[in-house]
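Just below is one structure, and these are the notes that go with it.
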Amino acid sequence: MPLFKNDVPGRPRGRAAGLAMLILATCLAVPARAGGGDEHSHEPAPAAAAAQGTPRVTMQSDLYQVVGTLKGDRLTLHVDRSEDNEPVTGATVSVTVEGEAVAATANADGTYAASSPHLAEPGSNDLVVQVAGPDGEDLLIGTLVVAEPAHPAADAGTGHAHAGMPLLAHLKERFGQPEPGRAWALAVFAIGLALGLALRSRRMRPAAFVAGAVLVVALTGTAFAHGGEDHDHDAPTATPGSNNLQRLPDGSVFVPKPSQRILEVRTTTVRPSEVAGATRLIGKVIPDPNRGGLVQSIGGGRVIAPEAGMPRLGQAVRKGEVLARVERPIIQADQAIVVEKVGEIEQMIALAEAKLARAKRLVTTGSGTAISVSDLEIELEGMRRRRAVVSDIRTTPETLTAPADGLIASTRVVAGQVVQPQDVLFQVVDPRNLWVEALSFEEAPTSAGATALTVDGATLRLEPKGVSRALQQQATVLQFAVVDPPGNLRVGQPVTVLAATGTSAAGIVLPRNAIVRGTGGEAMVWRHAAPERFEPRQVRVEPVDATRVVVRAGVKEGERVVVRGADLINQIR
């Protein structure tokens with residue numbers, strides 16, 4: 001049966017060729033229409049254009065660092081010293097753009113501002129900044145890149161035709177990239193369909209072969225077109241104009257100039273110098289043995305509060321001031337002995353008083369002498385004193401007084417408490433006179449040039465006082481006096497003592513605050529690589545004293561290293 005009404009027997013090849021051409025034209029040239037609401041434009045959206053950030057320019061010389069940020073036609077300049085990153089104030093700054101020199105005015109926040117319509121022109125604008133400050137005059141050259149204004153995509157949100165878009169592209173855009181396995185399965189199905197048509201009718205063989213070939217090419221090309229390319233147009237892009245602190249992929253840190261001023265980041269140029277070696281010792285704070293002491297009871301007993309009450313912690317006391325009293329304990333047998341002894345003494349006193357009265361009568365009658373009366377009076381006075389002493393044993397408590405002027409550093413007693421002999425009841429310390437005791441398990445260092453570092457970072461100057469000649473726990477004991485101790489220093493507080501060894505070597509000396517710890521605990525410094533970029537450097541350091549270290553490896557002469565604010569930069573993620 002003919003395929004079309006007007007098919008003429010004898011011209012099958014013409015009709016088959018026409019059908020093949022029709023299929024081929026449909027697959028390759030039929031324009032496709034995108035679905036309503038789909039956005040197929042690759043032009044940047046307004047939000048993406050805004051994400052490019054504020055245009056900025058950075059310049060650096062041996063004297064100054066200049067960072068400028070553009071907002072409209074107003075350029076704000078941060079001018080800092082290259083040596084130590086200190087903001088430069090009171091300078092004369094001018095900006096030359098497109099041959100026009102514009103004077104910059106100083107702002108209240110320490111920045112400088114210059115305005116010119118040439119600054120807002122899109123493209124690359126060459127700037128020349130002239131700075132005349134306390135450190136000298138300098139010219140800095142940089143390029144300010146201003147992006148073209150973003151335009152919204154035309155016909156966004158509506159259906160539109162892509163001129164010349166073939167059906168293949170339309171299928172890919174409409175249904176997405178098919179998986180390679182599914183595409184090959186469809187290709188095999190197309191080949192089978194073409195073979196079926198060819199076997200069914202001899203007239204359809206040319207058209208079937210052409211249609212099958214077109215379908216195979218279309219399906220396999222859809223699966224593997226542009227192999228290896230990335231077609232994601234929504235990938236995040238860098239924002240070089242951002243004013244946010246961020247850690248970059250290479251481990252360095254981007255810190256904008258406004259943030260550097262808030263964090264008070266300061267740097268220094270490293271140079272080698274001759275330094276004295278030091279050793280690290282573990283020590284603790286002890287009281288000056290001549291400016292304090294312990295309060296103990298000799299016999300023990302029950303504690304009695306004085307008239308002013310029990311002393312409290314931190315109370316100032318004077319030498320000899322009564323701190324507490326201790327009532328001596330007397331057992332029953334001893335108490336009976338004391339009572340018996342007091343009775344004997346009182347009996348002897350009564351006999352002596354009777355003899356004294358008789359001797360005085362004899363003197364009045366002329367039968368006695370005055371010498372005998374005097375002897376009896378002396379004997380009677382001695383007996384009375386003996387009676388008082390024996391009576392005090394059971395009635396008078398032991399009085400505890402302060403051994404020196406100072407403060408009550410510790411107290412371990414309350415009123416009514418029973419204490420044993422030699423128990424430490426109070427400790428009196430003079431906070432203006434404190435010592436440090438350290439242990440050295442190696443050869444004892446020299447007696448000069450010692451400092452100490454507390455846990456909270458405070459530095460103590462030490463004056464050597466003595467070195468033990470006997471080992472304590474297989475270590476040599478060293479004692480130092482603290483010069484002008486701070487008010488928050490406590491007895492028993494651990495410290496790190498750095499004592500000079502007497503050796504010297506060349507090295508790069510940095511403040512201890514410049515050294516930070518990495519994620520693995522390694523020692524690091526932050527190098528000021530660019531005006532707004534800092535790079536981490538692993539270093540090997542040795543102590544010099546409580547405030548300085550010497551860098552043996554990791555930095556080179558002439559590099560700028562952060563000496564203040566390094567711990568804050570190290571926390572940026």
Side-chain angles (χ1 to χ4, degrees), residues 289-312 315-430:
N290 299 318
R291 298 293 187 273
L294 303 177
V295 179
Q296 298 173 291
S297 174
I298 298 177
R302 188 180 301 278
V303 177
I304 302 174
E307 293 77 6
M310 298 294 292
R312 65 184 184 279
Q315 177 180 336
V317 295
R318 305 289 295 178
K319 183 178 181 179
E321 182 178 343
V322 177
L323 302 181
R325 291 185 173 88
V326 178
E327 184 182 26
R328 298 183 180 94
I330 301 178
I331 60 178
Q332 193 70 23
D334 294 340
Q335 189 173 1
I337 295 174
V338 171
V339 171
E340 182 181 356
K341 189 66 175 177
V342 170
E344 293 178 357
I345 296 174
E346 289 181 347
Q347 184 178 1
M348 295 172 60
I349 291 174
L351 293 175
E353 289 176 348
K355 291 180 180 180
L356 179 61
R358 186 169 54 252
K360 288 181 179 181
R361 286 196 300 271
L362 292 176
V363 170
T364 57
T365 59
S367 300
T369 62
I371 296 176
S372 61
V373 173
S374 178
D375 292 341
L376 290 173
E377 289 178 348
I378 294 173
E379 183 179 357
L380 180 61
E381 183 64 25
M383 291 180 182
R384 289 173 178 172
R385 285 199 299 268
R386 287 177 60 190
R387 183 181 62 182
V389 170
V390 175
S391 300
D392 286 345
I393 294 177
R394 59 176 181 175
T395 59
T396 304
E398 179 186 1
T399 302
L400 305 179
T401 60
D405 296 343
L407 303 178
I408 301 296
S410 65
T411 174
R412 303 180 180 88
V413 65
V414 294
Q417 180 180 347
V418 176
V419 297
Q420 300 298 324
Q422 300 181 355
D423 283 350
V424 177
L425 307 184
F426 304 98
Q427 184 179 17
V428 179
V429 173
D430 185 358

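Side-chain atoms of E377 and L356, non-hydrogen and from C-beta on, do get closer than 4.5 Å to each other. Side-chain contact check for M348 versus R386: some heavy-atom pair is nearer than 4.5 Å. By the 4.5 Å heavy-atom criterion applied to side chains, P311 and T411 are not counted as neighbours.
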Donor-acceptor contacts, no H, no angles, side chain residues 297-308, under 3.5 Å, sequence neighbours left out:
| from | atom 1 | to | atom 2 | distance (Å) |
| --- | --- | --- | --- | --- |
| S297 | OG | G300 | N | 3.0 |
| S297 | OG | E398 | OE1 | 2.9 |
| R302 | NH1 | G416 | O | 3.4 |
| E307 | OE1 | R325 | NH1 | 3.4 |

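In plain terms, the two heavy atoms of P403 and V295 that are nearest each other are CD-CG2, 3.7 Å. Minimum heavy-atom separation, K355 to L376: O-CD1, 3.3 Å.
Among residues two or more places apart in sequence or in another chain, the side-chain contact (heavy atoms from CB on, under 4.5 Å) test is passed with I371 by T369, D375. Listed by chain and number, the residues in a side-chain contact (heavy atoms from CB on, under 4.5 Å) with L407 are A316, P431 (sequence neighbours excluded). A352 pairs by the side-chain contact (heavy atoms from CB on, under 4.5 Å) definition with L380, M383, not counting sequence neighbours. The side-chain hydrogen bond (donor to acceptor under 3.5 Å, both in side chains) search around R384 returns E353, not counting sequence neighbours.
Under a cut-off of 6.0 angstrom, the local environment of CD in Q347 is sparse, with at most 12 non-hydrogen atoms contributed by other residues, nucleotides or ligands. Residue-environment remark: CD (E381) exceeds the threshold of 12 foreign heavy atoms within 6.0 Å.
Here I408 contributes atom CD1 and L323 contributes atom CG; the two are 5.0 Å apart, rounded to the nearest 0.5 Å. Rounded to the nearest 0.5 Å, atoms CD (Q315) and CZ (F426) are 9.5 Å apart.
The side chain to side chain contact (heavy atoms under 4.5 Å, CB included) with Q296 is formed by just one residue from the set V419, V424, D423; it is V424.
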> Going through the checks in order, is the side-chain contact (heavy atoms from CB on, under 4.5 Å) test met by V428 and K319?
Replying inline: CA-CA 10 Å; V428 179; K319 183 178 181 179; over 6 Å; no

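Pairs of residues two or more places apart, or lying in two chains, that qualify as salt bridge (Lys or Arg N to Asp or Glu O under 4.0 Å) and include a residue from residues 401-417 are R318-D405.
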